[in-house]
A.B. asks: 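Could you have a look at this structure, given as structure tokens, before my questions?
Keep in mind the model is a prediction, meaning the values are calculated, not measured. Each chain gets a letter, A, B and so on, in the order its sequence line appears, and its residues count up from 1.
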Amino acid sequence: MAPEPATPAAPPRAPGRAARSAVIARVWQEFGTSVAPLSNGAGRPSARSSKLILDPLVIRPMQNPDLAGGFLAPEQAEALADRLRAAEAVLAATAAWFLALKRARKALGITDGNPQDLYFQRCFELGTIHGPPAGDAEEIAEDAVLDVHRSAGESILARVRSLLGDAAAADRVQRALDAAWAARSPSGGTVDAARVRAVLDAAAAGAPDDGVDALAAALAGTASADTLESDGAARTLGLSARDRIGAPAVGGAAAKRDLPRPFDRSIFERLFADLSSGSNREVYAEAEDLVDDEVARSAGPWQLAHEECRVLMLLGAELAGGLAPRPPAGASAAQLRLRERWEREAYVRRALRLPGETSGVPAEIRADIEDVHRNYLRRLWVRLHGREIRDRGAEAVAVWDVLDGVLRSVIMDQRHRLKRALTDERAESA
Amino acid sequence: MSILPRPDRLVLGDAAVPVPPHLAAVVEARGALLVWRIDRDEALPDALIHDSAAALQWLPEIYGAGIADALASGDTHAARPAAPGAAAERTRLLAHLAWCTAWWPAGLAVPRLPAELLAAETAVLTAELEYLLDAPDAPDRALDAARGALVATGAADGALAAALRNLLEDYGIEPDESAAAGAAQADWALAAGGAGAGGGLTAATGTAEVAWAGVPAQTVAADGLATWSLVQRDGATVLRVAVPATGPGARPVARFGPDGLVVPLSFDGLAYTGETAATPGLLRLRTADRTLRVHDPRMTAEAPDPEPAAERAAVLAFAGARLAHPWTSAERSAAGGRP
């Protein structure tokens, strides 16, 4: 009897419970036009305003966990509303500073990166320190923009590149790499498969305590990495093209397209993949530290540094088994829930009039789709690696959001490639 | 779990009959897939809910405040709200744009919709509705797809172009303001030759519908018929096929008869045409065996069956209604008006 896919049930009804986003939207409306630069076309805070300003700087769900849920009891809703109202002045100032920084950006002729990503938090700082922009606003704005772009990802990458270009430094890195890899040994731990399944099913069902932290405490991620040492194991998971995984090269050059599988990437390529994506927040690290950390990370289990991330790879590998063309016999509730997105995609693609799976699009795209479980794990690893580089371990990670979100990204990219296959006149069909 | 609007109530249930793709206007919302049927003038969509907790953050904005209680209590025949929620109309418009982009029946009777205007309006509306959409980066992707649309949009709808420009700036996406590629639609009409060139004696001829699902959007005329002819010329018999076109971009292949004789087709400005040497038996085929199926192999492996006539008629009627009463800038432009 196949299990039902785990779906989060409708939350228990209690009178007066309000959706969090509705509470925020209501208060935001009270602020009027002063926060327009932080709003989207619907008059609500834009997604980035919420993610970069409201949540981490005003609401702070980590310190105020009772304001964190999706549905709030009346007292919590009022508390949230009050917190927002108390921040009205600084939010209005933030909005005004955002306009000022955008003007400065234009005047300086800067076009790269996403202004919201780059400037929002800086604007909040300016609003907190200076209040709304006054007489010297133009100067302050210009300085802020220049400073942001100075410390943005691009220049860190350039520093790494020049570090690795120096023979003596590259040599030292190579020796550190050799030493780290020579010191690797299997953990000898075991993985309780039933427990992993239970955690996954709980996460898929939206249970608040899904047991992921307990798995991390038990070093289950580290234990599961032992299996990667056997021949072909990493290749089956899409993480390597080789039979056996080995130490990465140090490297010093990379191209955006055709990066190798994660475990086959050089140290430089691993950093490049995250730091060249442009739109992300500032990376506070020296080039040397970044490289040293990456060397150590590469020698760790799953070639990741944080146990929480390793556990997520373990969970992802277990989930990915459900992404085969047909649902496997004995698929778990969590696997079925993940598959739902995959199966929904089949219909959505037809509704969007995109090529069907068995069509004659170029063979590599078709293989891409058939290979979805490998793509999924590759994508998951890259995402987790990116989180580690930006040191967001402290940020609460909603496990299912990460696991499901990676599949969504894989699907969106496939759609994009399918669309391109139809419009690219030079593409040859298989 | 699904919400299915009926004339007087919302039916909550498990199963939902999938709406045929060419009739489906979809929005991928957070926790639910919303589907409007374009052949029914219904303000509320079917909602196929896969994550109630996530969907309840915004469901009341479509179905009204009572929906949360209805879902929780399992009351399968909840009363209809007096009016759809504030977001219902805007979300429906986003779904409509997706449908137009995929299924607008451009052809002999219905003009094409300018792709740039569709992309521009989709991007602006996607950014507006981001709070209830499934993909967090939906606005970024939609804006990226509309980078090249500024020039054409500016010429047709200044307000839309301004909104798009602001968004592109805010999202750090550089517009591509090189001259619009799609503007040269009129040039295709200046075609040389057509399906009938070549002379000879037509021994037999016939027509066939082309399934919309087997060809890309706005390529093969939606209301046209593919025609085949067996022509005798210089002692040889040739099979000629022509499919009326509304734009280049398809690479259709025709298959004729029980053995599926293949005729590759290419765009000649007015139609996709091609011919091939006829095998001797073709002339002797019974009428019932003289079948023609046309499809683009990049879309499907085999030519699908053409969509049911009643559904096609409904789509064409809907398009006509939209040209008379446009919902989008693209429709206004195609209908010849100014916004």
A.B. asks: Give me the atom names and distance for the closest heavy-atom approach of B/Ala102 to A/Leu352.
C.D. replies: CB-O, 3.5 Å
A.B. asks: Which of the residues B/Pro136, B/Ala98, B/Ala87 is involved in the greatest number of heavy-atom pairs with chain A at under 4.5 angstrom?
C.D. replies: B/Pro136
A.B. asks: For A/Phe98, which atoms come within 4.5 Å of any heavy atom of chain B: side chain, backbone, both, or neither?
C.D. replies: side chain
A.B. asks: Given the options B/Glu28, B/Glu302, B/His22, which has more heavy-atom pairs under 4.5 Å with chain A than any of the others?
C.D. replies: B/Glu28
A.B. asks: So, are A/Arg353 and B/Glu307 salt-bridged, with charged N and O less than 4.0 Å apart?
C.D. replies: no
A.B. asks: Is it the case that atom CD in A/Glu343 sees more than 12 heavy atoms from other parts of the structure closer than 6.0 Å?
C.D. replies: yes
A.B. asks: Measuring only between side-chain heavy atoms, which start at C-beta, is B/Asp134 closer than 4.5 Å to A/Arg341?
C.D. replies: yes
A.B. asks: Which pairs pass salt bridge (Lys or Arg N to Asp or Glu O under 4.0 Å) with one or both residues in residues 118-128 of chain B, sequence neighbours excluded?
C.D. replies: B/Arg90-B/Glu128
A.B. asks: Sort A/Ile110 into side chain, backbone, both or neither according to what part of it lies under 4.5 angstrom from a heavy atom of chain B.
C.D. replies: neither
A.B. asks: What part of A/Arg20 gets within 4.5 angstrom of chain B, counting heavy atoms only: side chain, backbone, both, or neither?
C.D. replies: both
A.B. asks: On a heavy-atom basis, which atom in B/Tyr171 and which in A/Pro115 lie closest, and how many Å separate them?
C.D. replies: C-CD, 3.8 Å
A.B. asks: Which region of B/Trp58, side chain (C-beta onward) or backbone (N, CA, C, O), has a non-hydrogen atom less than 4.5 Å from a non-hydrogen atom of chain A, or is it both or neither?
C.D. replies: neither
A.B. asks: Please state whether the side chain, the backbone, both or neither of B/Ala135 comes within less than 4.5 Å of a heavy atom of chain A.
C.D. replies: both
A.B. asks: Using a cut-off of under 4.5 Å on heavy-atom pairs, state which of B/Gly31, B/Pro60, B/Ala213, B/Gly172 scores highest against chain A.
C.D. replies: B/Gly172
A.B. asks: Look up atom CE in A/Met412 and atom CG in B/Asp137, then write down how far apart they are to the nearest 0.5 Å.
C.D. replies: 7.5 Å
A.B. asks: Does any backbone or side-chain atom of B/Gln57 lie under 4.5 Å from a heavy atom of chain A? Answer side chain, backbone, both or neither.
C.D. replies: both
A.B. asks: Locate the shortest heavy-atom distance separating B/Pro216 from A/Leu422; write the atom from each residue and the value.
C.D. replies: CG-CD2, 4.2 Å
A.B. asks: For B/Glu169, is there an ion pair with A/Lys106 - N to carboxylate O distance below 4.0 angstrom?
C.D. replies: yes
A.B. asks: Thinking salt bridges, do B/Asp140 and A/Arg48 make one under a 4.0 Å N-O criterion?
C.D. replies: yes
A.B. asks: Please round to the nearest 0.5 Å and tell me the distance separating atom CG of B/Leu33 and atom CD of A/Glu345.
C.D. replies: 10.5 Å
A.B. asks: Which answer fits B/Val124, side chain, backbone, both or neither, if we ask what part of it has an atom under 4.5 Å from a heavy atom of chain A?
C.D. replies: neither
A.B. asks: Under a 4.5 Å cut-off applied to non-hydrogen side-chain atoms, are B/Arg141 and A/Asp413 in contact?
C.D. replies: yes
A.B. asks: Can you tell me how far apart OG1 (B/Thr126) and CG (A/Asn40) are? Round to the nearest 0.5 Å.
C.D. replies: 11.5 Å
A.B. asks: Just wondering, do B/Asp170 and A/Lys102 contact through their side chains at under 4.5 Å, heavy atoms?
C.D. replies: yes
A.B. asks: Do side-chain atoms of A/Tyr347 reach the backbone of B/Val19 as a donor and acceptor pair under 3.5 angstrom?
C.D. replies: yes
A.B. asks: Would you mind checking which part of A/Ser50 comes under 4.5 Å of any heavy atom in chain B, side chain (CB onward), backbone (N, CA, C, O), both or neither?
C.D. replies: neither
A.B. asks: Pick from A/His416, A/Arg415, A/Arg105: which one has the most heavy-atom pairs with chain B under 4.5 Å?
C.D. replies: A/Arg415
A.B. asks: Working to the nearest 0.5 Å, report the span between CG of B/Leu132 and OG of A/Ser21.
C.D. replies: 9.5 Å
A.B. asks: Over all heavy atoms of both residues, which pair between A/Ala351 and B/Trp103 is shortest? Give the atoms and the distance, please.
C.D. replies: O-NE1, 2.8 Å
A.B. asks: Under a 4.0 Å threshold between the charged nitrogen and the carboxylate oxygen, would B/Glu61 count as salt-bridged to A/Arg44?
C.D. replies: yes
